[in-house]
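Working notes, structure below.
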Amino acid sequence: MSDIVIIDQDSLLFMPMFGNRVVIATGPAQIRGSGLSNINGRKVCIAGDEKQVRINAVYTTPTHTIPGTGIITIASLAANQRAQHAGSHAALILKGQQFTAQFEPSKPAQMPPPANTPDVAAPSSGQGMFIASQFVVQAS
């Protein structure tokens, strides 16, 4: 089945729950395309472009209510987010369903005083999706 091709500067939407963490992106959540082809003057996104996504974020947990910070990345695309037959040098990224995202704390959230105990610095998994800006070009 065909799906919409993702292009340079398409937006990303991350579900806020990463395990027990509520994570909110603070910077522009976009993917950069590096494919050889263009759609509407913007490069197509190809497999591997998702690995370059790094979004700044803040987070809290139910017990660590003083916000911490970290980075959201795309851990892996879903099977329906790669074109099986692409005329490009690499598989095109498609809108598909949801990809697996990862959040890595850089400054752990804290418990309120007097405890001031930091959250564990281990990464946590979540979900995200592409928000396409073009709806004409599809691939399968």
Side-chain angles (χ1 to χ4, degrees):
M1 181 174 207
S2 292
D3 204 349
I4 295 169
V5 174
I6 298 301
I7 61 175
D8 185 54
Q9 297 178 10
D10 274 355
S11 295
L12 308 168
L13 175 64
F14 296 98
M15 303 304 111
M17 295 308 300
F18 282 71
N20 73 330
R21 294 174 171 143
V22 177
V23 177
I24 307 297
T26 58
Q30 296 180 325
I31 187 168
R32 299 300 311 216
S34 67
L36 298 176
S37 302
N38 287 290
I39 299 172
N40 298 334
R42 292 168 33 198
K43 291 184 176 194
V44 295
C45 291
I46 57 172
D49 288 344
E50 77 280 3
K51 300 293 183 195
Q52 305 308 311
V53 170
R54 295 180 55 79
I55 309 297
N56 292 322
V58 296
Y59 83 101
T60 59
T61 74
T63 56
H64 298 84
T65 56
I66 299 170
T69 60
I71 303 290
I72 303 170
T73 59
I74 297 176
S76 64
L77 296 175
N80 65 0
Q81 291 180 308
R82 287 180 188 246
Q84 300 300 314
H85 304 93
S88 183
H89 63 286
L92 297 171
I93 295 179
L94 305 177
K95 183 177 184 317
Q97 299 281 316
Q98 292 185 335
F99 52 76
T100 301
Q102 181 172 300
F103 175 73
E104 177 112 23
S106 54
K107 177 185 170 220
Q110 300 277 328
M111 285 183 172
N116 289 332
T117 306
D119 184 28
V120 295
S124 53
S125 293
Q127 300 290 316
M129 64 182 68
F130 295 109
I131 308 297
S133 61
Q134 68 85 26
F135 301 97
V136 176
V137 180
Q138 298 187 4
S140 57

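All figures in this text were calculated on a predicted structure; none of them were measured in a lab. Computation of the quantities below employed the complete heavy-atom set of this structure, encompassing side-chain atoms and omitting hydrogens, waters and symmetry-equivalent molecules.
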Original post:
Would Val22 end up clustered with Val58 when hydrophobic side chains under 4.5 Å apart are linked, directly or stepwise?
Top reply: yes
Original post:
Which pairs count as salt bridge (charged side-chain N to carboxylate O under 4.0 Å, His left out) when at least one residue sits in residues 57-77, sequence neighbours excluded?
Top reply: none
**OP:** Any chance you could measure Ile72, atom CD1, to Phe18, atom CZ, to the nearest 0.5 Å?
**Re:** 4.5 Å
Original post:
Can Leu12 be reached from Ile7 by stepping across I, L, V, M, F, W or Y side chains whose heavy atoms are under 4.5 Å apart?
Top reply: no
**OP:** With sequence neighbours excluded, give me every ring pair (Phe, Tyr, Trp, His ring centres under 6.0 Å) pair touching residues 50-72.
**Re:** Tyr59-Phe103
Subject >> Contacts of type side-chain contact (heavy atoms from CB on, under 4.5 Å), residue Pro113, not counting sequence neighbours >> reply: Ile66, Asn116
Subject >> Considering all heavy atoms, the nearest Pro108-Pro118 contact >> reply: CB-CB, 4.0 Å
Subject >> Contact list for residues 107-116, test salt bridge (charged side-chain N to carboxylate O under 4.0 Å, His left out), sequence neighbours left out >> reply: none
**OP:** Given side chain to side chain contact (heavy atoms under 4.5 Å, CB included), test Leu94 with Val5 step by step and report yes or no.
**Re:** CA-CA 5 Å; Leu94 305 177; Val5 174; 4.1 Å; yes
Subject >> Pairwise salt bridge (charged side-chain N to carboxylate O under 4.0 Å, His left out) hits with a residue in residues 59-79, at least two apart >> reply: none
**OP:** Hey, could you give me the CD1/CD1 distance between Ile31 and Ile55, rounded to the nearest 0.5 Å?
**Re:** 9.5 Å
Subject >> Considering all heavy atoms, the nearest Ala139-Ala83 contact >> reply: CB-CB, 4.1 Å
Subject >> Inter- and intrachain pairs under side-chain hydrogen bond (donor to acceptor under 3.5 Å, both in side chains), touching residues 92-103, at least two apart >> reply: none
Original post:
Is there any side-chain hydrogen bond (donor to acceptor under 3.5 Å, both in side chains) pair reaching into residues 69-78, and which pairs are they, with sequence neighbours excluded?
Top reply: Thr69-Ser106
Original post:
Checking side-chain contact (heavy atoms from CB on, under 4.5 Å) against Gln134, which of Ile6, Val44, Asn40 comes through?
Top reply: Asn40
Subject >> Listed once per pair and sorted, the side-chain hydrogen bond (donor to acceptor under 3.5 Å, both in side chains) pairs that draw on residues 3-28, sequence neighbours left out >> reply: Asp8-Arg32, Asp10-Arg42, Asp10-Ser133, Arg21-Asp119, Arg21-Ser124
Original post:
Is there a chain of hydrophobic side chains (I, L, V, M, F, W, Y, each step under 4.5 Å between heavy atoms) that links Leu92 to Ile39?
Top reply: yes
Original post:
How long is the span from the OG atom in Ser34 to the CD1 atom in Ile46, to the nearest 0.5 Å?
Top reply: 3.5 Å
**OP:** Among Ile, Leu, Val, Met, Phe, Trp and Tyr joined by side-chain contacts under 4.5 Å, find the other residues sharing a cluster with Phe135 and list them by chain and number.
**Re:** Ile4
Original post:
Should Ile71 and Val23 be counted in the same cluster of Ile, Leu, Val, Met, Phe, Trp and Tyr side chains packed under 4.5 Å apart?
Top reply: no
Original post:
Does Met111 sit in a hydrophobic cluster with other residues, and if so which ones, taking ILVMFWY side chains as linked at heavy-atom separations under 4.5 Å, directly or through other members?
Top reply: none
Subject >> Derivation of the side chain to side chain contact (heavy atoms under 4.5 Å, CB included) call for Met17 and Gln127 >> reply: CA-CA 8 Å; Met17 295 308 300; Gln127 300 290 316; over 6 Å; no
Subject >> ring pair (Phe, Tyr, Trp, His ring centres under 6.0 Å) against Phe130, all qualifying residues, sequence neighbours excluded >> reply: Phe99
Subject >> All pairs passing salt bridge (charged side-chain N to carboxylate O under 4.0 Å, His left out) where residues 44-65 contributes a residue, at least two apart >> reply: Glu50-Arg82
